[in-house]
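One structure is given here, and the rest of the page talks about it.
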Amino acid sequence: MAGNDRRVVARERDAVFALLEERAAAVQRSASALLEEGDTIGRAVSGEFAFVHERFGRPLDAHFGYERAYLVDRSSGKPVYASIDGALLNEEEMAAAAPTLRRALRGIGERSMGLIVDDRGVGLAVIVPPLAGAPGLLCIAVDAVDDAFLKEMEQRLQVSGLHVMPAREPSRGGEDGVVLTNLAGDAPLVMSWRTQSAGIGTLTDVAPVIAALSSALLGICLAFLVRAHRSARALAESEARASSLAYRDNLTGLSNRGRFISLLEQRLAAMKNQDALALLFLDLDDFKDINDTLGHVVGDELLCEIARRLEAAVGEAGNAGRFGGDEFVAFIAAPAAAALDAHVARVTGAVHAPVLVDGRELMVGASVGVAYAPRHAATARDLMRRADIALYRAKAEGRGSFAAFEPPMEVETLHRRKVEQELAEAILHDQLTLLYQPLVDVESERILGFEALVRWDHPEHGRLLPEAFIPVAERSRLISRLDSWVLRAACEAGRTLPDVTLSVNMSAINLRDPDLSERVLAVLEETGFDPARLEIEITESALFTAEGPGRETLVRLRDVGIRIALDDFGTGHASLVHIRSVPVTKIKIDRSFILNLGIERDAAAIVEYVIRLGRSLGIILTAEGVETREQLRFLRAFGAQQAQGYLFSPPVPIETARRFLDEQRVAVPAQGANRRLPERTDTASASDKEPAGTS
């Protein structure tokens with residue numbers, strides 16, 4: 001081969017490698033941008049793969065054209081999440097892909113890219129750098145090396161006949177190629193094309209012909225220059241579009257997490273002595289319910305409208321972004337701190353006005369937390385953390401609340417995070433225990449069932465009641481693990497409490513899990529507990545969650561015989577209209593009404609009304625917090641069927657609960673008909689006295 005030939009071939013090979021690396025970098029940027037939005041990584045760690053699919057796998061295919069996406073456990077090489085052509089893979093399909101992915105991880109090594117061959121064909125596999133917040137996971141994204149991929153490379157490289165084949169196949173005449181590692185197999189691959197340089201060494205033999213065609217070649221060169229210019233311009237436009245997609249939220253067009261933080265850092269670095277900046281974190285109220293009841297199309301339109309309002313309200317004074325889901329952010333800069341108040345009020349007002357979507361007027365509102373620079377922090381990291389702390393306080397205060405950061409909030413947050421960590425350890429290391437409080441028949445005072453109540457035996461602070469850790473568990477998503485532990489432990493112990501019901505509390509958050517009914521039934525099957533003896537208690541707030549998919553979950557549970565009880569009735573916003581829309585079989589009247597029986601006339605009227613109306617609907621009524629015989633006489637007169645409280649027994653260990661039932665079974669019928677449990681026992685300390693029904 002002549003020297004010119006070798007130089008042309010070398011340039012073509014370098015260009016192929018450069019183009020593959022450029023494509024791999026684009027795949028990596030797109031996957032990273034999607035993973036950084038919202039809490040995608042956190043949701044992946046907690047196993048919420050339906051959310052991960054909607055925010056990562058599906059848009060990676062639909063918006064960027066990268067067909068395969070995997071989240072892989074680094075130690076085992078097994079995928080925990082997989083998506084192909086925008087479709088979520090099941091466990092069996094992921095297991096089939098695991099061997100190929102393990103080989104790919106070994107083959108990629110430090111290069112972060114390579115070709116992979118499986119039953120889907122050839123693909124360019126790219127590893128995204130280790131994920132922040134999930135060091136145990138790796139992301140592998142695959143761009144199919146199909147006809148469109150090869151055609152685009154041909155146009156960029158100005159070659160023809162580009163194809164991929166095993167290295168053992170002989171190349172055709174006039175072809176050149178590069179050897180590439182096959183990550184999924186031992187045999188290397190060759191990317192080949194028809195070389196444009198063959199025969200350059202014989203040009204001296206045909207010099208007269210070349211001279212005759214010089215003018216024609218000049219015209220061709222000019223044409224190629226024009227074409228190259230157009231290709232370069234098209235490439236620049238394509239890269240600009242890709243860059244825009246990589247730095248903007250793909251639904252609303254606002255800045256995504258990466259771009260927003262970058263702009264915030266730049267603005268903070270440019271601040272002068274008197275300058276001030278406000279950072280706002282905004283969470284839409286009850287957006288999940290809108291999605292569930294009106295559909296994702298309406299939900300997406302609502303998000304886009306909120307985004308337009310935020311962008312208009314912020315204007316040139318700052319920037320607005322979306323971190324995923326219903327989480328929005330904005331920062332506003334001003335030459336003085338006093339000038340920020342009006343800007344902040346304008347931004348918060350933008351999300352509280354009614355939104356007209358698809359002919360419906362939706363009252364949304366948002367919880368807003370704000371932190372100020374330089375008063376609260378000078379760096380983007382610290383400022384965001386403190387705005388998030390303020391948002392947590394706003395959400396705790398209820399719908400539409402606004403909270404500005406204050407230093408004591410940070411102390412509370414540090415305490416809450418410590419409780420989160422210790423509670424996770426407690427679930428793993430058997431520091432939790434269950435007590436059982438009897439539910440009795442109002443007329444005979446015989447035990448009809450028990451409610452399982454969780455306690456935390458903390459190694460330093462002793463026994464903790466639920467109000468010390470349940471709110472933290474609900475905020476941190478530990479509530480699913482906690483509820484699962486309580487359900488399993490109660491069902492295992494409940495097998496030794498024959499012929500009575502067993503009540504277990506369930507958080508409203510868990511009703512949003514479409515797999516809840518399957519998980520409950522799996523526990524019943526594994527423990528051998530009779531579904532007809534299980535009663536799941538939900539709070540009034542859960543009724544609003546249960547209007548959508550949560551209602552279907554409750555119906556499936558009821559259809560297998562599980563009873564559904566509404567706990568703490570009267571403390572929230574539910575009405576009997578709501579109760580009729582979900583399969584509730586029991587109402588538990590809150591202890592605050594029972595406590596005032598015989599003291600406040602309104603309390604007696606409310607209890608009597610609820611009992612009579614509930615009985616007319618065929619719903620069992622249970623009074624919580626019964627402590628005196630006078631309260632019990634009122635309940636008998638009103639027609640309540642069941643009662644629970646310290647008049648009968650505090651929460652007791654399982655051994656004491658079994659003894660109560662043994663004594664009840666052996667009692668002489670004539671005496672046992674009116675036998676009541678002792679008003680106090682030695683099995684529970686005074687610190688355990690609390691509102692009945694607390695999970």
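None of the values given here were measured: they were computed from a predicted structure. Every heavy atom of this structure was used, including side-chain atoms; hydrogens, water molecules and symmetry mates were not.
- Under the 3.5 Å distance criterion, with hydrogens and angles disregarded, a donor-acceptor pair is assigned to the side chains of Gln644 and Gln437.
- Residues Phe648 and Leu632 form a side-chain contact, since some pair of their non-hydrogen atoms from C-beta on lies under 4.5 Å apart.
- Side-chain contact check for Leu434 versus Arg455: every heavy-atom pair is 4.5 Å or farther apart.
- Side-chain atoms of Lys586 and Gln641 form no donor-acceptor pair, as typed in the model, at a separation below 3.5 Å.
- The minimum heavy-atom distance between Arg463 and Asp457, with the atom names listed, is NE-OD1, 2.8 Å.
- For the pair Ile619 and Thr585, the minimum side-chain heavy-atom distance is 4.5 Å or more.
- Using bins of under 30°, 30° to 60° and over 60° for the plane-to-plane angle, the ring pair Tyr436/Phe450 lands in the perpendicular bin.
- Side-chain atoms of Asp441 and Ser444 include a donor-acceptor pair closer than 3.5 Å.
- With a 4.5 Å cut-off on side-chain heavy atoms, Asp499 and Leu661 do not count as touching.
- Side-chain contact check for Arg488 versus Glu526: some heavy-atom pair is nearer than 4.5 Å.
- No side-chain donor-acceptor contact under 3.5 Å links His458 and Gln431.
- Counting heavy atoms from C-beta on, the side chains of Tyr392 and Asp388 never come closer than 4.5 Å.
- Residues Ser83 and Asp61 bring no donor and acceptor atom of their side chains to less than 3.5 Å of each other.
- Looking at Ser503 and Glu535, their side chains do bring a donor and an acceptor atom within 3.5 Å of each other.
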